[in-house]
Structures are given as C-alpha cells and as structure tokens.
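What follows is a single structure, written as structure tokens, with notes after it.
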Amino acid sequence: QVQLVESGGGLVQTGGSLRLSCAASGRTLSTYVMGWFRQAPGKEHEFVARISRSGGTTYYADSVKGRFTISRDNAKNTVYLQMNSLKPEDTAVYYCAASLRLVGLTTRADYDYWGQGTQVTVSS
C-alpha cells in the first residue's frame, strides 16, 4: 500500500506556472504507474497525465498537451506536474494517483491509491 500527499497548489494568474508535487510513503513508488487527475466544481474527475514506472513513457490529455509536464524521481519517491501557460479552465482540485495496472490508465477506476488533492485556481 502507498500513501500519497499532494502539494504546490495555489492561486496564479492566467499564463502563469505552478509545479505540483506528490510525495509517496509506504510501498516504493517505482512499483506504480502514476497519474494526475483533476476535478473542477460540478464536474467529474478528468485525466490529466500519467507516467510509466521508470519515467520513460508519458501520456497527456489533449487539453494539457504542450503545457503540462509529468515527471518522477523514484529515489525521492515523488511525482511532479509542471503546469505552464495556465488558463482559467485549468482551475480544479488536482489529485495524484497510483496504479498497479499496465494498460488503460486514463480513468479513475484504473487507479488504486489517491491523494487528498491540492487546489489550483487560475484567475483571469
């Protein structure tokens, strides 16, 4: 089992940047594929990005491709989400999640463990 804690959220203006971190404890992070999701008020969880166990493969939602970068440091048991060129529609609670699966991995049901979330607000 792994415990996940997100940090780095906050209030930023349109066009600004934030870097989210997800610190893991318990089982070694390299065991898991890691993902980031977000949930805006009144909406379902939305897949944002995922990264393979080694960090060699990444995949992004079209809505963030070219603006967000997911990375991981398995030695530090931490996953990151660098968010650039932020837009008001990026406003949401951002969650990191861990999965033991190797395929799919773009829906909430594919992930086994979740953090508590961190709020990102982008002002216009």
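Each residue takes its place number in the sequence, starting with 1.
Under the 3.5 Å distance criterion, the side-chain polar atoms of Ser54 are matched with a main-chain donor or acceptor of Gly56. Asn77 places no side-chain N or O within donor-acceptor distance of the main-chain N or O of Thr28, the cut-off being under 3.5 Å.
Using modelled atom types, one finds no donor on one side chain facing an acceptor on the other under 3.5 Å when comparing Asp73 with Thr78.
Side-chain contact between Gln119 and Thr91 is present, with at least one heavy-atom pair separated by less than 4.5 Å. For the pair Phe68 and Asn84, the minimum side-chain heavy-atom distance is 4.5 Å or more. Looking at Ser17 and Gln82, their side chains come closer than 4.5 Å, going by heavy atoms from C-beta outward. His45 has its side chain out of reach of Thr107: every pair of non-hydrogen atoms, C-beta onward, lies at least 4.5 Å apart. Side chains of Arg72 and Leu29 form a contact here, defined as non-hydrogen atoms less than 4.5 Å apart. No side-chain heavy atom of Tyr60 sits under 4.5 Å from any side-chain heavy atom of Val48. Contact of the Val5 side chain with the Gln116 side chain is registered, since non-hydrogen atoms from C-beta on lie closer than 4.5 Å. Contact check for Thr57 versus Ile51: no side-chain heavy atoms found under the 4.5 Å cut-off.
Aromatic rings of Tyr95 and Phe37 (six-membered ring for Trp) have centroids beyond the 6.0 Å cut-off, not under it.
For Lys43, the NZ atom is loosely surrounded, since the number of other residues' heavy atoms within 6.0 Å does not exceed 12. Surrounding CZ of Arg53 are at most 12 heavy atoms belonging to other residues, nucleotides or ligands under 6.0 Å away.
Scanning all heavy atoms of the two residues, the minimum distance from Gly117 to Glu6 falls at N-OE1, 2.8 Å. Minimum interatomic distance between Gly9 and Val120 (heavy atoms only, all atoms of both residues): CA-CG2, 4.1 Å.
Residues Val33 and Val79 fall into different hydrophobic clusters, defined by Ile, Leu, Val, Met, Phe, Trp and Tyr side chains chained together at heavy-atom separations under 4.5 Å.
With sequence neighbours left out, Glu89 forms a salt bridge (Lys or Arg N to Asp or Glu O under 4.0 Å) with no residue at all. Here Ser124 pairs with Thr14, Pro88 under the side chain to side chain contact (heavy atoms under 4.5 Å, CB included) rule; sequence neighbours left out.
Here Arg50 does not pair with Asp110 in a salt bridge; the nearest charged N to carboxylate O distance is not below 4.0 Å.
To the nearest 0.5 Å, atoms CZ (Arg38) and CG (Leu81) are separated by 9.5 Å.
Relative to the six-membered ring of Tyr80, Arg19 meets both conditions, a distance below 6.0 Å and an angle of at most 45° to the axis.
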